[in-house]
Trainee: 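Quick one: this structure, given as structure tokens, is what I'll be asking you about.
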Amino acid sequence: MRAFLTDRGATEGGAAPGAAIDVGALDIPVQSVPDDKPGDYGSPVAFGLARALRMNPAQIAAALATLVELPEGVKRIEAVGPYLNVELDPGSFVRSVVDAPLAAPPRRRKIVIEHTSVNPNKEAHVGHLRNIVLGDALARIERAAGYEVEVQNYIDDTGRQAAESIFARRYFDESEPEGRKYDHWLGELYVRLGQAKETDGEAIEAGVTEVMHALERGDLRGEVERILRAQLVTYGALGVEYDLLVWESDVVAAGFLRRGLEVLEALPTVFRPTQGKFAGALVMDVSAFMPGLEEPLVVLVRSDGNAMYVTKDIGYHLWKVGRLEGLRYAPFAVQASGATLWTSAPDGESEVAGRTFAHGDQAVNVIDARQVHPQTIVRTALQMTAGDADIEPLHHLAYEVVTLEGQAMSGRKGVTLAIDTVIEEAIRRARAVVEEKNPELATIADVARAVGLGALRFGMLKSEARRVIDFRWEQALSLAGDSAPYVQYAHARASSILRAAAETVVPEGSRTAGADWSLLGPLEVRLAREVARWPSVLDAAAEADAPHVVAQYALDLATAWNGYYNHRGPNGKPDTSVMRAESGLREARIALVGKVRATLAFALDSLGIEAPEQM
RNA sequence: GCACCCGUAGCUCAGUGGAUAGAGCAGCCGCCUUCUAAGCGGUCGGUCCCAGGUUCGAAUCCUGGCGGGUGCACCA
């Protein structure tokens, strides 16, 4: 019966149709019925039985319709052609929808999500924005779906990029410009250093190398930290928070490379060829996990004794899933929500009271699609060292690039756009619209921020990650149509009704005082059907690591609600008014609108988008 | 050359093997004496890249093409 109510799709047998015709574990797919067909939910179950019963599906459906006992809450079961459709009792259905929880129960499984991981050497740009927004939405979705989530931001403080920016500051030796955000300024010096290489290449190369060595020793941590803190201001402005910063130099110091190698060398698939092109190197045979590869051997340690980057990455990921220990932790900052941001630190504590870092049952990496190959190797290594784990230890959320008006972004060519710039413009544009539409609103600044940032984030989330996004201002900051403001507006409308209602009744689930559920009809059922989809949407999005599923649902629910709100009866007059409805019906509608509002807000929150009460 | 991803309305995109493939934008026509018109209704617009195959049923699964993007791994 639950299946009919939740539109969850296939369930095990047990539903009445199965029992009636002696098919035990029958798969009964359930789907929403198109608007022009009778019924609310329907099933093509008769198709599957046609062969075994040697009857045509329409006959089977007709027979089932007469045999099936009406479960509670179902008004009617009828055959519509070959489909078996049920019409729900509006009152009990809407009531059950209103009472359903929005968040999933805890699952006792931990997911370690890594996102952002921007090189600490320049300001973050809109390409990074996609990563950050995707990762943050994913973290929120997984939490709502019942998982314990830890968000890590990896800081590559020993890389060439950080070294170049830090060296550029020394090289040009200019005083810091007043009022300029530090990461923007260093980004500019970084680009200038690239240009200066043409005339002064050797000296610059020597200087950068020296800085790299200093970074490896950890001597310049303060310099990196300063850039990082400037970048974190940007993420904070987006409403994004992290649990832990993991510094590459700390990963190196913890010996994850060496200790990871010890784990790997115990594998039968890891060995040192004595001849052939890999003679002298340490290689891993991945053919069992990555079939169809032209070259099934992956080099872990080169014949000159130097480890490959991917090998360090494997060590790091062994730590993420709890198979290596050894980082030390220290508090780094207090974030806007009040939550502490922790960092790995050479002089930190190995235990933090009340927290256990890493030890994920699964790791998810938000990294661009060009990294599929190395990510697959890391995953394969984890699978091989784990024996036969039935769950994937690592998932790569691969997203495509963001181009700028059709051009690939490139700092050196000046084809780039800072997130800070985009945020400012997004809020500016939103503010202009708010001031025009609702000038007497007391919270204009807050609403402009919620709407502008919402539009920006939503634009990055509404399509599948594997699609290329071409950033264009009008499109990215659109405040109409398939956008966050569309959903936010629907939410504000519902809030407006609930404000008015609060003066007469207090909606509190189906216990709303004075509600007469029997007065509800097909219009409410249609709206409630959309609300009822939420748990399965959340589940599917979490399962597939696909925030766009939530974004698309938010649009669908807003559309259903707007349609209900504006509905007119045969006489051309509005027939869904809440506050003007007769007593009893009014209270039942208030309860439903309350659920719609809460669901819209919850879905938006799962995407990291605010839902203003007024706009 | 090999591998991965993409190809759906003029444009940007949804579409867990099921009912007549849907939105937004753009175009055209309507709707504020009604709880927010950032909205709603209507209209125009489709060889779901092509060809085979599997299936009662394919935009969806399989094979082979074509077109575009990305990667090619003793680089980080």
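Lettering follows sequence order; numbering is per chain, from 1. Excluded from the calculations below are hydrogen atoms, water molecules and symmetry mates; all remaining heavy atoms, backbone and side chain alike, are included. These figures come from a predicted structure and were not determined experimentally.
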Trainee: Does B:A19 have its OP1 or OP2 closer than 4.0 Å to a side-chain nitrogen or oxygen of A:K37?
Mentor: no
Trainee: Select base, sugar-phosphate, or nothing to describe what A:V578 touches, counting heavy atoms under 4.0 Å on all strands.
Mentor: base
Trainee: Rounded to whole Å, please give me the gap between NZ in A:K573 and P in B:C35.
Mentor: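 These atoms are roughly 15 Å apart.
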Trainee: Looking only at atom C1', what distance separates B:G46 and B:A23, rounded to whole Å?
Mentor: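 Approximately 14 Å lies between the C1' atom of B:G46 and that of B:A23.
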Trainee: With both distances under 3.5 angstrom, what nucleotide forms a Watson-Crick or G-U wobble pair with B:G1?
Mentor: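 Paired with B:C72.
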Trainee: According to ring-ring contact (aromatic ring centres under 6.0 Å, His included), who are the partners of A:Y489, at least two apart in sequence or on a separate chain?
Mentor: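 In terms of ring-ring contact (aromatic ring centres under 6.0 Å, His included), with neighbours along the sequence ignored, A:Y489 is linked to no residue.
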Trainee: Mind checking who B:G67 pairs with, Watson-Crick or G-U wobble, both distances under 3.5 Å?
Mentor: B:C6
Trainee: Check this for me: does any side-chain nitrogen of one of A:D556 and A:R533 sit under 4.0 Å from a carboxylate oxygen of the other?
Mentor: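 Salt bridge: yes.
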Trainee: Measure the NZ-CG distance between A:K37 and A:N85 for me, rounded to the nearest 0.5 Å.
Mentor: 9.5 Å
Trainee: In whole angstroms, how far is the P atom of B:G57 from the OH atom of A:Y83?
Mentor: 13 Å
Trainee: A:R467 side chain N/O closer than 4.0 Å to the phosphate oxygens (OP1, OP2) of B:U12?
Mentor: no
Trainee: Without decimals, in angstroms, what is the distance between A:L527 CG and B:C40 C1'?
Mentor: 15 Å
Trainee: What interatomic distance, in whole Å, is found between C1' of B:G1 and the corresponding atom of B:G45?
Mentor: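 It works out to 42 Å between them.
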Trainee: OP1 or OP2 of B:G15 versus the side-chain N and O atoms of A:H548: is any pair under 4.0 Å?
Mentor: yes
Trainee: Could you work out which one of B:C35, B:G39, B:A19 sits closest to the side chain of A:I497?
Mentor: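 When the side chain of A:I497 is considered, B:C35 is the closest of B:C35, B:G39, B:A19.
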Trainee: Do A:R431 and A:R449 come close enough that some side-chain heavy atom pair is under 4.5 Å?
Mentor: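 No, side chains not in contact.
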Trainee: Is there side-chain contact between A:S43 and A:Q31, with heavy atoms separated by less than 4.5 Å?
Mentor: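 In short, these two side chains do not touch, never coming nearer than 4.5 Å.
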Trainee: Between the base of B:A19 and the side chain of A:Q31, is one N or O donor paired with an acceptor at under 3.5 angstrom?
Mentor: yes
Trainee: Does the structure show a Watson-Crick or G-U wobble partner for B:G46, both distances under 3.5 Å? Name it, or say none.
Mentor: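 Partner of B:G46: none.
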Trainee: How would you summarise protein contacts on nucleotides 22-27 of chain B per nucleotide, using B for base, S for sugar-phosphate only and - for none, with heavy-atom distances below 4.0 Å?
Mentor: -BS---
Trainee: I'd like the P distance from B:G18 over to B:C74, given in whole Å.
Mentor: 43 Å
Trainee: Searching all strands shown, indicate the nucleotide that pairs with B:G30 (Watson-Crick or G-U wobble; both distances under 3.5 Å).
Mentor: B:C40
Trainee: Does a salt bridge link A:K122 with A:E164, judged by any charged N lying under 4.0 Å from a carboxylate O?
Mentor: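 Result for this pair is no, no salt bridge flagged.
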Trainee: Write down the distance between CG (A:L84) and C1' (B:A19), rounded to a whole number of angstrom.
Mentor: 14 Å
Trainee: With a non-hydrogen cut-off below 4.0 angstrom, is A:Y486 in contact with a base, only sugar-phosphate, or nothing?
Mentor: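 Contact class for A:Y486: sugar-phosphate only.
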Trainee: Look at all strands and tell whether A:D313 reaches a base, only sugar-phosphate, or nothing, counting heavy atoms closer than 4.0 Å.
Mentor: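 No contact at all - A:D313 keeps every heavy atom at 4.0 Å or more from the nucleic acid.
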Trainee: Salt-bridge test for A:R529 and A:D40: reply yes if a basic N is under 4.0 Å from a carboxylate O, no otherwise.
Mentor: yes
Trainee: Side-chain N or O of A:R466 versus OP1/OP2 of B:C6: is the shortest distance under 4.0 Å?
Mentor: yes
Trainee: Rounded to whole angstroms, how far apart are CZ on A:F471 and P on B:C11?
Mentor: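 Between P of B:C11 and CZ of A:F471: 22 Å.
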Trainee: Can you give one letter per nucleotide of nucleotides 69-76 of chain B, 5' to 3': B if a protein heavy atom sits under 4.0 Å from the base, S if only from the sugar-phosphate, - if neither?
Mentor: -SS-BBSB
Trainee: Rounded to whole angstrom units, what separation is found between the CD atom of A:Q552 and the C1' atom of B:U12?
Mentor: 12 Å
Trainee: What residues form a salt bridge (Lys or Arg N to Asp or Glu O under 4.0 Å) with A:D157, not counting sequence neighbours?
Mentor: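 Applying salt bridge (Lys or Arg N to Asp or Glu O under 4.0 Å) to A:D157 gives none.
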Trainee: Considering only the P atoms, how many Å lie between B:G7 and B:C13, rounded to the nearest integer?
Mentor: 10 Å
Trainee: Which residue pairs pass the salt bridge (Lys or Arg N to Asp or Glu O under 4.0 Å) test with at least one member in residues 373-382 of chain A, sequence neighbours excluded?
Mentor: none
Trainee: Is B:U60 paired to anything, Watson-Crick or G-U wobble with both distances less than 3.5 Å, and if yes, which nucleotide?
Mentor: none
Trainee: Does atom CD of A:E610 have more than 12 heavy-atom neighbours, drawn from other residues, nucleotides or ligands, at distances under 6.0 Å?
Mentor: no
Trainee: Between B:G68 and B:U63, how far apart are the two P atoms, rounded to whole Å?
Mentor: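 Here B:G68 and B:U63 have their P atoms 23 Å from each other.
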Trainee: Using atom P in both nucleotides, what's the gap between B:G22 and B:U47 to the nearest angstrom?
Mentor: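 Those two atoms are separated by 16 Å.
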Trainee: Return the nucleotide paired to B:C13: Watson-Crick means purine N1 to pyrimidine N3 with N6-O4 or O6-N4, wobble means G-U with N1-O2 and O6-N3, both under 3.5 Å.
Mentor: B:G22
Trainee: Could you tell me if the side chain of A:I469 sits less than 4.5 Å from the side chain of A:E400, heavy atoms only?
Mentor: no
Trainee: Can you tell me the Watson-Crick or wobble partner of B:U55, both distances under 3.5 angstrom?
Mentor: none
Trainee: Are any non-hydrogen side-chain atoms of A:T158 and A:V252 less than 4.5 angstrom apart?
Mentor: no
Trainee: Does a donor on one side chain sit under 3.5 Å from an acceptor on the other, for A:Q375 and A:N365?
Mentor: yes
Trainee: Quick check on B:A37: is either OP1 or OP2 less than 4.0 Å from any side-chain nitrogen or oxygen of A:Y565?
Mentor: yes
Trainee: Taking N and O atoms by type only, does the side chain of A:R568 place a donor or acceptor under 3.5 Å from a partner on the base of B:U34?
Mentor: yes
Trainee: Could you measure between the two C1' atoms, the one in B:C48 and the one in B:G67, and give it in whole Å?
Mentor: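 It comes out at 16 Å once rounded to the nearest Å.
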Trainee: Determine the contact category for A:T576: base if any of its heavy atoms lies under 4.0 Å from a base atom, sugar-phosphate if only primed atoms, P, OP1 or OP2 are that close, otherwise nothing.
Mentor: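 If one applies the 4.0 Å heavy-atom cut-off, A:T576 turns out to touch a base.
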Trainee: Would you measure the distance from the C1' atom in B:U8 across to the matching atom in B:A59 and give it in whole Å?
Mentor: 7 Å
Trainee: Does anything in residues 426-436 of chain A come within less than 4.0 Å of RNA chain B? Heavy atoms only, and list the residues if so.
Mentor: A:V433, A:V434
Trainee: Reckon A:N562 has a side-chain N or O less than 4.0 Å from the OP1 or OP2 of B:C40?
Mentor: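 The answer is yes; a side-chain N or O of A:N562 sits under 4.0 Å from OP1 or OP2.
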Trainee: According to the interplanar angle, ranging from 0 to 90°, do the rings of A:W473 and A:F471 count as parallel (below 30°), tilted (30 to 60°) or perpendicular (above 60°)?
Mentor: perpendicular
Trainee: Is the backbone of A:V118 close enough, under 3.5 Å, to the side chain of A:T116 for a donor and an acceptor to pair up by distance?
Mentor: no
Trainee: Decide, for B:C32, between syn and anti: a glycosidic angle within 90° of 0 counts as syn, anything else as anti.
Mentor: syn
Trainee: So what does A:E613 hit on the nucleic acid, given a heavy-atom distance under 4.0 Å: a base, only sugar-phosphate, or nothing?
Mentor: base
Trainee: State plainly whether the residues A:R472 and A:E474 are in salt-bridge range, i.e. N to O under 4.0 Å.
Mentor: no
Trainee: CD1 of A:I609 versus P of B:A38: gap in Å, rounded?
Mentor: 20 Å
Trainee: Using whole Å, report how far CG of A:D575 lies from C1' of B:C35.
Mentor: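 The answer, rounded to whole Å, is 14 Å.
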